[in-house]
Amino acid sequence: MPDDRGRSLLLLAALLGALGVALGAFGAHGLRERLDAHALGVWETAVRYHLVHAVALLAIALSPHAAALRSASWLFAAGIALFSGSLYALALGGPRVLGPITPLGGLALIAGWLWIARFALTR
């Protein structure tokens, strides 16, 4: 069983995964008639990156190296919030000023993967 910090990360992964599925279903069923094809595509991109990185968080939480990969997990969580969060808002017609936030989230996601690569290279 993971320690308290590991359980917190596991809980975060589970909640982000559940939220990603719920937002995907909402987009497919609740927004299909309300958004144009472009906005739906933006929503689907947000969901895809959200869910992929929720699963990556789950893998970290269940890893025996979770403590060493903690920075990657927080980068993934921040990336989901910034990248997917800004895309969700933009798809719903949020202010265009949110647009520059999206790449910052993407950089956080990339940094998380690079943190894992760094860990792999230094083991």
Side-chain angles (χ1 to χ4, degrees):
M1 186 70 176
D3 63 11
D4 286 341
R5 285 184 290 180
R7 274 188 293 238
S8 296
L9 186 55
L10 186 59
L11 176 62
L12 178 63
L15 293 175
L16 285 172
L19 180 61
V21 172
L23 289 170
F26 178 64
H29 302 290
L31 297 177
R32 177 157 275 137
E33 301 300 321
R34 295 185 178 144
L35 299 181
D36 63 22
H38 174 74
L40 278 174
V42 169
W43 188 273
E44 290 171 1
T45 297
V47 169
R48 183 177 326 109
Y49 279 79
H50 181 150
L51 286 172
V52 164
H53 289 88
V55 171
L57 278 169
L58 177 63
I60 291 171
L62 297 175
S63 167
H65 307 292
L69 298 173
R70 193 155 195 78
S71 293
S73 66
W74 291 115
L75 287 164
F76 286 158
I80 290 169
L82 295 172
F83 182 84
S84 294
S86 64
L87 288 180
Y88 291 133
L90 289 167
L92 294 174
R96 295 316 241 170
V97 70
L98 294 173
I101 293 172
T102 308
L104 295 176
L107 287 173
L109 297 173
I110 293 166
W113 289 110
L114 292 175
W115 188 271
I116 293 170
R118 178 186 164 277
F119 172 78
L121 290 171
T122 59
R123 289 284 301 157

Consider only side-chain heavy atoms of I, L, V, M, F, W and Y, link residues closer than 4.5 Å, and tell whether I110 and L104 are in one cluster. no
Tell me the closest heavy-atom pair linking A54 and A13, and the distance in Å. O-CB, 3.9 Å
Tell me, do I101 and F83 make a side-chain contact under 4.5 Å, heavy atoms counted? no
Kindly compute the distance separating CG (L9) from CG (L62), expressed to the nearest 0.5 Å. 8.5 Å
Residues two or more places apart in sequence or in another chain: which of them pass side-chain contact (heavy atoms from CB on, under 4.5 Å) with P95? V97, L98
Taking H53 for the side chain and G79 for the main chain, is one N or O donor matched with an acceptor at less than 3.5 Å? no
Could you tell me the separation between the CG atom of L90 and the OG1 atom of T102, rounded to the nearest 0.5 Å? 5.5 Å
What's the separation between atom CG in L58 and atom CG in L51, rounded to the nearest 0.5 Å? 12.0 Å
Please confirm whether the backbone N or O of R118 pairs with a side-chain atom of T122, one donor and one acceptor, at under 3.5 Å? yes
OG of S63 to CG of L57, rounded to nearest 0.5 Å, is 12.5 Å
Mind checking the CD-CG spacing from E44 to L31? Nearest 0.5 Å is all I need. 10.5 Å
If we check side chain to side chain contact (heavy atoms under 4.5 Å, CB included) with I80, which of these qualifies: L12, L16, L19, L75? L16
Remaining members of V52's ILVMFWY cluster at a side-chain heavy-atom cut-off under 4.5 Å? none
Minimal heavy-atom distance between G6 and A61, with the atoms involved, is O-CB, 4.3 Å
In this structure, would I60 and L109 fall into the same cluster of hydrophobic residues linked by side-chain contacts under 4.5 Å? yes
Report yes or no: do V42 and V47 belong to one cluster of Ile/Leu/Val/Met/Phe/Trp/Tyr joined by side chain heavy-atom distances under 4.5 Å? no
Backbone N/O of A28 and side chain of R32: donor-acceptor pair under 3.5 Å: yes
Measure the shortest side-chain to side-chain distance between H50 and L87 over non-hydrogen atoms and say whether it is less than 4.5 angstrom. no
Nearest heavy-atom contact between S84 and A46 is OG-O, 2.8 Å
If you define the side chain from C-beta out and look only at heavy atoms, does anything of L40 sit under 4.5 Å from D36? no
Write down the atom of A68, the atom of W115, and the distance for their closest heavy-atom approach. O-NE1, 3.3 Å
Near Y88 OH, under 6.0 Å, is it more than 12 heavy atoms from other residues, nucleotides or ligands? yes
Any non-hydrogen side-chain atom of F76 less than 4.5 Å from a side-chain atom of I116? yes
Is the centre of the H38 ring less than 6.0 Å from the centre of the W43 ring? no
